[in-house]
Amino acid sequence: MSDSVFAAVAQAPEDSILGVTVAYNKDQSPNKLNLGVGAYRTEEGKPLVLNVVRKAEQLLVNDTSRVKEYLPITGLADFNKLSAKLILGGTSPAIQESRVATVQCLSGTGSLRVGAEFLAQHYPVKTILIPVPTWGNHPKVFNAAGLSVQTYRYYDPSTRGLDFSGLLEDLGNAPSRAIVLFHACAHNPTGVDPTSDQWEQIRQLVRSKRLLPFFDSAYQGFASGSLDADAGSVRAFVADGGECLAAQSYAKNMGMYGERVGALSIVCRSAEIAKRVESQLKLVIRPMYSNPPIHGASIVATILKDGELYNEWTVELKAMADRIISMRQQLFDALKAKGTAGDWSHIIKQIGMFTFTGLNADQVAFMTKEYHIYMTFDGRISMAGLSSKTVPHLVEAIHAAVTTIGA
Ligand code: IK2
């Protein structure tokens, strides 16, 4: 052992989100409940493969003319066009004017990383502002690409809502032309989104300070059940003719988690600039992973280009969003019925996959130890991991945590 050339390698800590699943998997209790990772589960607690995905996959398998050649560096052309249309809207002038450079990437994370690498190489300002709190991987992705990460205020724990004045003040004080990361909808982990009026004020400030918006769209369709409504923030920024980036993930809205399907779109001022941007994106991608995988993107493209499959997808997507919304109501009602101390109305006000409960790290540790309920230490629970059957167990645990540990 001691003569290993790797003897000095230190044990790294588990990832704060994926590590929750590691701990959950080790727990032998029959009552264990994983509300950590944001992955959709059915009422029976099972992972879900959408019917429409199974259908598209079958169509692909039956088509014996299909081959497994390398894709171009930028990925599947159809997939890219359809992805840009999905996020920017079918009638987007930016698409009609060929001002959008879109590349297929490895899900949302890969899209963020390719965008960050591109900005680090080609954008003059190397500072990116991210909200507090945000998805735990954001600072790691941007730091790894060589950007300098700063923060802006986002969540106000006292109201369990948006700290809008703090957000405006911090963006107002941001270095001119800095990059700003926005969650397009269903903010992770807080479930708190700006209203459309607030987005409009944010847009005006961003444009007046010449900040560069970078949208992370990991939950399109998951927040409201409508693909168009959930893309509203991005579309408002594109409608003003200005530039922005958007990273899309099909992990949640199509249940394609492990297939790693996503896209990065960079909206530019002109077709000529978009062409040059795309040429540079290829130079970013080629030494990273050469070109993206074909299977998942082919499934997504098959669904997006066929009217019938597309409609079927929207129905299944809405059913997932609706189940999550109904879980919010059930959890809220059950806590009220139990008389658990505190105002739990944020559970039904927040939106998307997660509820930022307001439970502290000690309370979370208590719930894991005593009730085998797994969640991130910041008190975030994945509503998609909950079912009508498990709500009572969660309510017992929250009630006991609040009563025993206090605030
Ligand atoms: N951006 C945000 C805001 C995300 O939430 C995610 C997915 N996170 O899911 C794990 C969790 O928080 O429990 C992503 C990007 C990237 O997801 P992917 O790379 O799987 O598309």
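Order of appearance sets the numbers: ligands from 1, and atoms from 1 within every ligand. In what follows, every heavy atom counts, from backbone to side chain, and hydrogens, waters and symmetry copies are set aside.
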Fill in: Distance in Å, S29 OG paired with Y371 OH, rounded so as to fall on 0.5 Å steps
12.5 Å
Discussion item. Counting non-hydrogen protein atoms only, what is the nearest one to atom 18 (P) of ligand 1? Give residue, atom name and distance.
Written reply: S107 OG, 3.4 Å
Fill in: Ionic contact status for R203 with E200, cut-off 4.0 Å
yes
Practice prompt. Taking the six-membered ring of Y374 (Phe, Tyr or Trp), confirm whether the NZ or CZ of K32 is under 6.0 Å from its centre and within 45° of its axis.
Written response: no
Worksheet item: If you measure from the Lys or Arg side-chain nitrogens to the Asp or Glu carboxylate oxygens, is any gap between K55 and D306 under 4.0 Å?
Response: no
Worksheet item: What's the shortest distance from atom 8 (N) of ligand 1 to any protein heavy atom, and which residue and atom give it?
Response: W135 NE1, 3.3 Å
Worksheet item: What do you reckon, are the aromatic ring centroids of Y250 and F79 less than 6.0 Å apart?
Response: yes
Discussion item. Keeping H346 on the side-chain end and T357 on the backbone end, is there a donor-acceptor pair under 3.5 Å?
Written reply: yes
Worksheet item: Taking 4.0 angstrom as the limit, do E97 and R99 come out as a salt bridge?
Response: yes
Worksheet item: Out of M353, K252, R380, whose heavy atom sits nearest atom 10 (C) of ligand 1?
Response: K252
Worksheet item: Can you tell which of N188, T190, T134 makes a side-chain hydrogen bond (donor to acceptor under 3.5 Å, both in side chains) with H183?
Response: T134
Worksheet item: Mind checking whether R260 has a heavy atom under 4.0 Å from ligand 1?
Response: yes
Practice prompt. Would you mind telling me if ligand 1 is within reach of the side chain of I17, the backbone, both or neither, using heavy atoms under 4.0 Å?
Written response: side chain
Worksheet item: Quick check: does G38 get an N/O under 3.5 Å from an N/O on ligand 1?
Response: yes
Worksheet, complete the sentence: Short version for V37: what comes under 4.0 Å of ligand 1, heavy atoms counted, is both
Discussion item. Distance check, rounded to the nearest 0.5 Å: L59 atom CG versus R66 atom CZ?
Written reply: 10.5 Å
Worksheet item: Which heavy atom of the protein is the closest neighbour of atom 19 (O) of ligand 1, given with residue, atom name and distance?
Response: T109 OG1, 2.5 Å
Worksheet item: Do H183 and ligand 1 have an N or O pair less than 3.5 Å apart?
Response: no
Fill in: Enumerated ligand 1 atoms positioned under 4.0 Å from heavy atoms of A251
20 (O), 21 (O)
Discussion item. Does the residue Y219 have a heavy-atom contact with ligand 1, meaning some pair of atoms that are separated by less than 4.0 Å?
Written reply: yes
Worksheet item: For atom 2 (C) of ligand 1, which protein heavy atom lies nearest, and how many Å away is it?
Response: D216 OD2, 3.4 Å
Item to complete: Enumerate the atoms of ligand 1 whose separation from the nearest heavy atom of G108 is less than 4.0 angstrom.
Response: 18 (P), 19 (O), 21 (O)
